[in-house]
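The structure appears right after this line, and notes come after that.
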Amino acid sequence: MDAKKYVIRQISIFSENRPGRLAAIAHALGEEKINILAFSIAEANGFGVVRALVDHPEKAHDKLQSLGFNIAFTEVIAVKMKDQPGGLYEVAKILGDAGINIEYSYAYSGKDGAVLILRVDQIEDAIIRILDSGATLLERSVFH
Amino acid sequence: MVCWDPRIEEMPREDLQRMQYKLLKTLVYRLYSFSPFYHDRMKEQNVHPDDIRQLSDVKKLPFMFKRDLRDNYPDKIFAAPKEELVRYHVSSGTTGKPTVVGYTQNDLNTWTTSLARALTSSGLGRGDVIQVSYGYGLFTGGLGLHYGAERIGATVLPTSVGNTERQIELMQDLGATAIACTPSYLLHIGEVAEKMGINIKKDTELRTGILGAEPWTEGMRVRIENWLGIKAYDIYGTSELSGPMFTECTEQKGFHIWSDIALVEIIDPKTEEPLEAGEKGELTITILQKEALPMIRYRIGDITCMQTDTCACGRTHPRIQRIQGRVDDMLIIRGINVFPSQIEYGLMAIPEVGQHFQIVVDRKGALDDLLVRVELTRDSFSDKINDIMQVRKNVEHRLRSSLNVNVNVELVEPGSLPRFEGKSKKVIDKRSL
């Protein structure tokens with residue numbers, strides 16, 4: 001099995017915690033006609049990390065870097081959930097039972113159902129165990 | 001080793017001191033007789049030129065301060081007739097009202113001689129192309145270096161400050177082998193060059209930097225030398241002494257202060273007593289050969305120490321160490337003396353943060369609060385919040401242990417702190433507002 005096709009490239013951006021920083025990032029992506037498919041902001045004391053799945057990660061990386069942003073790629077996976085009560089529980093239970101620890105996670109719900117984005121430490125191992133448990137992983141090609 | 005003037009530069013110390021005594025005696029007699037300002041000062045101090053019987057009697061003479069120049073603005077203490085003046089310079093006024101300095105032709109010659117010896121000691125000479133990126137104009141840096149560089153037969157590229165991209169193009173096209181500017185401007189040049197796709201180390205002929213006009217540290221030197229592939233030499237001087245006058249020799253162990261031009265004392269700023277060689281204190285300089293604006297026991301406010309042993313380069317003139325702070329730049333945080341240079345030194349040891357920083361001092365309740373803002377470098381960002389928190393903790397820990405005072409650190413985006421082309425203003429003290 002080719003686990004690699006399930007590995008998705010997330011962009012992570014270091015941002016000072018002050019008004020206008022998200023607008024600056026979003027404006028830059030908009031200008032390059034890059035679509036944001038999912039995103040979250042993690043907040044720490046005085047700074048934040050903006051994480052996003054976009055349709056053109058390389059282009060987004062180059063654009064933001066040219067503007068002086070501190071930006072890195074991070075590998076994540078996306079698990080399909082039922083968009084109904086108990087949907088998150090089903091997936092979370094599978095991960096817990098499989099002994100997969102989550103570093104961080106965020107989710108979105110779209111017309112094709114709900115999706116849980118996960119950052120885990122042993123990504124290939126996690127992919128195998130999630131698939132073995134009967135859950136559905138979205139392939140990279142769904143995003144970019 | 002090549003000397004500009006070996007007879008003077010390698011003269012035995014006893015001979016130098018004999019020369020200094022004669023020059024001092026002549027200077028004091030001249031000023032006592034012809035300058036109302038110095039005459040009154042010496043009367044007030046109850047000292048007569050006849051009291052100067054040996055070199056160490058210099059300590060009987062009154063001190064001069066920056067405020068003497070401000071109080072006598074613009075030219076009330078000039079000791080040469082106006083028609084003898086050939087140039088004015090005006091200080092940048094970063095510490096208050098500007099001060100005016102005048103020069104006779106002999107003063108310009110002395111200044112240029114000092115720099116000719118200094119630049120030669122830093123390994124420069126004929127065949128070098130020296131890019132002078134200090135400001136030309138009222139500031140002494142540009143014109144001072146310009147004449148010094150011409151005197152040693154180097155080719156001068158007088159770019160002055162600003163228009164950085166053009167500076168980099170000219171550096172490349174004309175094969176500049178040396179640059180004279182502030183260390184923070186050189187860092188800026190390095191960053192702009194990288195953005196232009198030019199690697200200073202590989203794509204230019206640059207091999208020497210003559211850097212000064214603002215405080216910097218040994219750590220910053222290592223960083224500049226490794227990053228840009230050059231030798232970075234410190235340069236020292238202030239407009240009151242004429243301008244930049246002294247640089248490090250290739251040993252990089254302090255500035256040689258030419259004894260026939262300047263008499264150096266290091267004093268305890270509180271007791272005003274002279275300190276021994278090697279002891280840290282306030283630099284006090286008497287310029288032995290100056291006509292328009294003589295300076296006797298001038299207290300510049302810089303903290304350093306002096307070495308009097310003969311340098312490995314063979315020069316016998318005493319060296320002063322890199323300036324370690326300013327008497328008036330010193331911040332007092334919760335009763336503890338803190339110099340911005342200490343903070344810079346601490347940061348240089350941590351690769352995850354950049355070269356630029358800003359210090360914000362404020363009062364939280366009754367307590368002083370010290371915040372250091374520093375840029376997280378590109379390579380050290382990895383998406384993990386914990387890693388970033390760890391960087392901040394390391395910086396805080398390092399600064400706390402070297403300053404002995406509590407420090408808060410804020411990590412900011414690369415390129416977001418202000419860059420300065422002249423003297424950088426790194427401290428914002430909100431307590432005094």
Side-chain angles (χ1 to χ4, degrees), chain A residues 7-25 27-28 38-54 57 60-77 101-106 117-123, chain B residues 164-165 187-188 190-197 350-360 362 364 369-397 399 406-419 428:
Chain A
V7 175
I8 299 157
R9 291 195 110 179
Q10 170 193 268
I11 55 168
S12 308
I13 306 138
F14 176 77
S15 171
E16 286 165 44
N17 199 351
R18 58 184 166 89
R21 298 317 289 150
L22 180 60
I25 294 167
H27 180 253
F39 109 118
S40 83
I41 300 178
E43 182 267 344
N45 191 7
F47 67 90
V49 175
V50 175
R51 296 170 173 136
L53 295 188
V54 297
H61 179 276
D62 293 350
K63 172 72 178 178
L64 289 169
Q65 188 157 59
S66 75
L67 292 174
F69 281 98
N70 232 338
I71 175 165
F73 287 125
T74 317
E75 296 183 331
V76 295
I77 49 176
N101 194 40
I102 302 169
E103 283 181 14
Y104 59 79
S105 170
Y106 50 101
I117 318 286
L118 295 167
R119 167 72 187 171
V120 294
D121 51 0
Q122 304 284 336
I123 196 162
Chain B
T164 308
E165 297 197 356
L187 289 172
H188 181 65
E191 287 177 359
V192 173
E194 272 188 1
K195 273 189 200 144
M196 292 164 71
I350 305 169
E352 288 89 356
V353 295
Q355 298 105 329
H356 301 279
F357 67 97
Q358 193 176 48
I359 299 165
V360 185
D362 205 349
K364 293 250 167 85
D369 182 70
L370 178 62
L371 174 73
V372 175
R373 309 182 74 226
V374 62
E375 294 174 0
L376 184 68
T377 55
R378 242 173 221 130
D379 299 339
S380 57
F381 172 63
S382 73
D383 170 70
K384 281 194 187 171
I385 300 250
N386 275 347
D387 290 356
I388 306 172
M389 301 281 263
Q390 195 54 50
V391 170
R392 188 170 65 187
K393 250 189 224 156
N394 289 347
V395 178
E396 284 180 345
H397 180 76
L399 293 182
N406 204 28
V407 183
N408 292 312
V409 167
E410 190 177 307
L411 296 175
V412 301
E413 295 167 20
S416 68
L417 291 176
R419 266 47 172 175
I428 300 170

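- Put simply, of Asn386(B), Leu411(B), Asp379(B), the one with the most heavy-atom pairs under 4.5 Å next to chain A is Leu411(B).
- No more than 12 heavy atoms of other residues, nucleotides or ligands sit less than 6.0 Å from atom CD of Glu165(B).
- If you measure heavy-atom distances from Ile13(A) to chain B, the contacts under 4.5 Å come from the backbone alone.
- Across Phe69(A) and Arg378(B), no two heavy atoms sit closer than the pair O-NE, 3.5 Å.
- Using a 4.5 Å cut-off between heavy atoms, Ser66(A) makes no contact with chain B at all.
- Summarising the geometry of Tyr104(A) relative to Asp383(B), their closest heavy-atom pair is OH-OD2, 2.7 Å, with the distance given to 0.1 Å.
- Looking at Ser416(B), only its side chain comes within 4.5 Å of chain A, counting heavy atoms on both sides.
- Ranked by heavy-atom pairs shorter than 4.5 Å toward chain A, the options Lys195(B), Glu375(B), Lys384(B) are led by Lys384(B).
- Annotation for Asn45(A): atom CG does not count as buried by contact number, only 12 or fewer foreign heavy atoms lying within 6.0 Å.
- Only the side chain of Glu103(A) has a heavy atom closer than 4.5 Å to any heavy atom of chain B.
- With Glu413(B) contributing its side chain and Glu16(A) its backbone, the two residues share a donor-acceptor pair below 3.5 Å.
- Phe14(A) approaches Phe381(B) most closely through the heavy-atom pair N-CZ, 3.4 Å.
- When all heavy atoms of Ile388(B) and Phe47(A) are compared, the closest pair comes out as CG2-CZ, 3.4 Å.
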